[in-house]
2 protein chains.
Amino acid sequence: MKTLKDVAQRAGVSTGSVSKVLNGHPSVSEVLKSKVDKAIAELNYRPNMVARSLRTKTTNTVAVMVPTSNDPYFVEFFRGVSLALRDIQCVPMLYSMEFNTDIPVNVIHEVLMRGVDGLIVSTYGWEQDIIDELFRISERLPVVSFKRSFPGTSVHSVNIDDQAGMNKAVQHLIKNGHRRIGFLAAGLDLKTGQDRLNGYRTALEASGIEFDDNLVVDCESFQIEAGYNKVQQLLKRYPRPTAIVGANDALAIGAMKYLESRNLRIPEEIAVMGYDDEPLSTLVTPKLSSVAVPVYEMTRRAVQMIDKALKGELHQAVNEMFPTEVIVRDSTDFSAHAEFEFGRFSR
Amino acid sequence: MKTLKDVAQRAGVSTGSVSKVLNGHPSVSEVLKSKVDKAIAELNYRPNMVARSLRTKTTNTVAVMVPTSNDPYFVEFFRGVSLALRDIQCVPMLYSMEFNTDIPVNVIHEVLMRGVDGLIVSTYGWEQDIIDELFRISERLPVVSFKRSFPGTSVHSVNIDDQAGMNKAVQHLIKNGHRRIGFLAAGLDLKTGQDRLNGYRTALEASGIEFDDNLVVDCESFQIEAGYNKVQQLLKRYPRPTAIVGANDALAIGAMKYLESRNLRIPEEIAVMGYDDEPLSTLVTPKLSSVAVPVYEMTRRAVQMIDKALKGELHQAVNEMFPTEVIVRDSTDFSAHAEFEFGRFSR
DNA sequence: ATGAAAGCGCTAACAT
DNA sequence: ATGTTAGCGCTTTCAT
């Protein structure tokens, strides 16, 4: 591999000059630049980023930590992050925890050792001690938290208003005439889980419908299987609910699959609503109504925050909220779409 | 940030000794080790990987290049790669092309500049000039190609036998009594696309069914929408096919969605079969029969190849084939499953 | 078994 | 405008 020194020799100039040309330093003459460019081309020289990083203490890498990559949700996440990072000449280092609880704290240290410039992280499922570690690290490099904010700390965030989002979802059902609405809750130990439940509750109360404990069941997980199992409790209530809302799409889909197995028609006998609008919501039958979260835009903004922080343009933690949108499909409104809607899968 | 020099000073030893302790060098006395360990703990020292990389010329990073991350297929891919790389103390640098054709060649150079130790790549959709670049780079570091092999080059590969896989899929349909079987082809400019078509053809011929050009339509893309549109041509054939096979799941699902819109019952009036067994195949109604590809195992093997190559244990390119498995579900066999099958989504 | 010292490839003062 | 030089933090001969 050719080095900068080789280039300098071939061009008959000093290494410092080559470096200046490489970095577009203002005071380089045209003639010097052309000599160096020529030598670079002839030698097919490429700078060694590791050596540069050692000097400049910046690596042009950003660590991206997710609890798992086995979630369709992160498909969009990776796409946005990859693209946005490329625009600022950075590359993502992927740290996928796969719910392996001993990993995060090691990773946090590794991130420091590797000298990444920033960190974008989804702390879903993290324990407090790891969060504390995150606060510590955020003093040393920009950290953006995804879908969870830590007010009063130096951790930035891109977030959505889950309570408002779920409120809108339930409003939609109420507008369609439902008054007995079951709720498949999850993540109640988390703000996001609580917010969704609160959104459900406030929507009911705003319409003068009394909140009924019996219509809420804690699924304890966000997985399809939990929705499938727990919806069975809701069906035993009397009068039976005419609509079911899931704290996320997977729970709603699990519920749908159970209703289907019982030959209950959706939405005629019972309507189902999801939350998050994952791509697969258009692929189940009937297509699932849901609440869309602008994941792609959020990732781009997260990268932008890192970039600004690195440029010293951020003097305090910023927490940005993104809007949600209710997407009405067949599972709550039989006449919603006559035509097949192509999902957001690329293939 | 503390450095190795700080540790040496505090422990009252030389930097070389600290380095030896850090790297588990054989000739270190117990007393030296304990002195150094103590200093490390007291200073909360962490080695600087960048500096180490500059010296050792190894970065403990592996570049992972995919054509797009917006594909449910890569969910499993990332999971396997992440986990396996972690086992060998490496971290993936994610290069997601997002079908941006000018990116790959730049990325190939960047990979070199960043000094990554290896490269795992899905060359789906790549032009020959970029492939050539890949061959060149494979002389300098281990490269493993995913689902595409390059015999006679130094590029390793993990691959599946698409022809055999598709052959088995069509055999399954024939065994169920089908003789007029439509094929939604795609990627015919690629070996993988050709192989799948050939598998279809050879299965027919082995059962004495004449291959009929009219029952094959080139979808020109692997996307749901193409399946939805192109299946319409197959339905116009006379006699109408009693089964449809997609070159991948998305095409099959697109076809299903069209059949559904025409109120054709699956599988009674027409059976549908996919290929790749993506997670969503269990979530559509009816559940889609498909051919499973061991993506997870393949990624782990890919990482293992990188590891072995790095250790100098691979003296020539290895190309490993993985087996496929026909997964029978409702879309080809009404009695396949009574119970709901939980998919492979984590939530 | 431990230490001294060179150097990986680059950048950034500082000097000219 | 260009060259000289020190040094980023670490590993690795080579001495001792």
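Quick note on labels: first sequence line is chain A, next is B, and so on, each numbered from 1. Values below: all heavy atoms of this structure, side chains included; hydrogens, waters and symmetry mates excluded.
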Interatomic distance where [atom1] belongs to [X] and [atom2] belongs to [N] [whole Å]:
{"X": "A/L54", "N": "D/dC10", "atom1": "CG", "atom2": "P", "value": "9 Å"}
{"X": "B/R55", "N": "D/dT13", "atom1": "CZ", "atom2": "P", "value": "8 Å"}
{"X": "A/K57", "N": "C/dT11", "atom1": "NZ", "atom2": "P", "value": "13 Å"}
{"X": "A/Q9", "N": "C/dG9", "atom1": "CD", "atom2": "C1'", "value": "13 Å"}
{"X": "A/R114", "N": "D/dC10", "atom1": "CZ", "atom2": "C1'", "value": "15 Å"}
{"X": "A/K5", "N": "C/dT11", "atom1": "NZ", "atom2": "P", "value": "15 Å"}
{"X": "A/L22", "N": "C/dC10", "atom1": "CG", "atom2": "P", "value": "8 Å"}
{"X": "A/L4", "N": "D/dT5", "atom1": "CG", "atom2": "C1'", "value": "14 Å"}

Practice problem: Verify the neighbour count for atom CD of A/E313: are there more than 12 heavy atoms of other residues, nucleotides or ligands below 6.0 Å? | Solution: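 More than 12 heavy atoms, drawn from other residues, nucleotides or ligands, come within 6.0 Å of this atom.
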Quiz prompt | CD (B/E139) with more than 12 external heavy atoms under 6.0 Å | solution =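 Atom CD in B/E139 is packed in, count exceeds 12.
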Practice problem: Classify the side chain of B/K20 and the base of C/dG3 as holding, or not holding, a donor-acceptor pair under 3.5 Å. | Solution: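 Under the 3.5 Å cut-off, the side chain and the base do form a donor-acceptor pair.
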Counting just side-chain N and O atoms, does [X] come under 4.0 Å of either OP1 or OP2 of [N]?
{"X": "B/S14", "N": "C/dG3", "result": "yes"}
{"X": "B/S29", "N": "C/dT2", "result": "yes"}
{"X": "B/N48", "N": "D/dC8", "result": "no"}
{"X": "A/T56", "N": "C/dT11", "result": "no"}
{"X": "A/S19", "N": "C/dC10", "result": "no"}

Practice problem: Give A/V50 one of three labels, base, sugar-phosphate or nothing, depending on what nucleic acid heavy atoms sit under 4.0 Å from its own. | Solution: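 It contacts nothing in the nucleic acid.
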Exercise. Please figure out whether B/T3 or A/V13 has its closest DNA chain D nucleotide nearer the 5' end.
Key: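 Result of the comparison: A/V13.
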Exercise. Go through C/dT11, C/dG3, C/dC10 for me and flag the one nearest to the B/S17 side chain.
Key: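 The answer is C/dG3.
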Exercise. Between C/dT11, D/dA1, D/dC10, spot the one nearest the side chain of A/N23, thanks.
Key: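 Of C/dT11, D/dA1, D/dC10, C/dT11 is nearest to the side chain of A/N23.
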Quiz prompt | Salt-bridge present (A/R10, A/D6; N to O < 4.0 Å) | solution =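 The answer is no: the pair does not qualify as a salt bridge.
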Quiz item: Side chain of B/D117, backbone of B/T59: donor and acceptor closer than 3.5 Å?
Solution: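 Present.
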Quiz prompt | Short side-chain to backbone donor-acceptor contact, B/T3 and B/K5, under 3.5 Å | solution =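 The answer is yes, because a donor-acceptor pair under 3.5 Å joins these two groups.
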Quiz item: Between B/A51 and B/K33, who's closer to the 5' end of DNA chain C by nearest nucleotide?
Solution: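 In this pair, the answer is B/K33.
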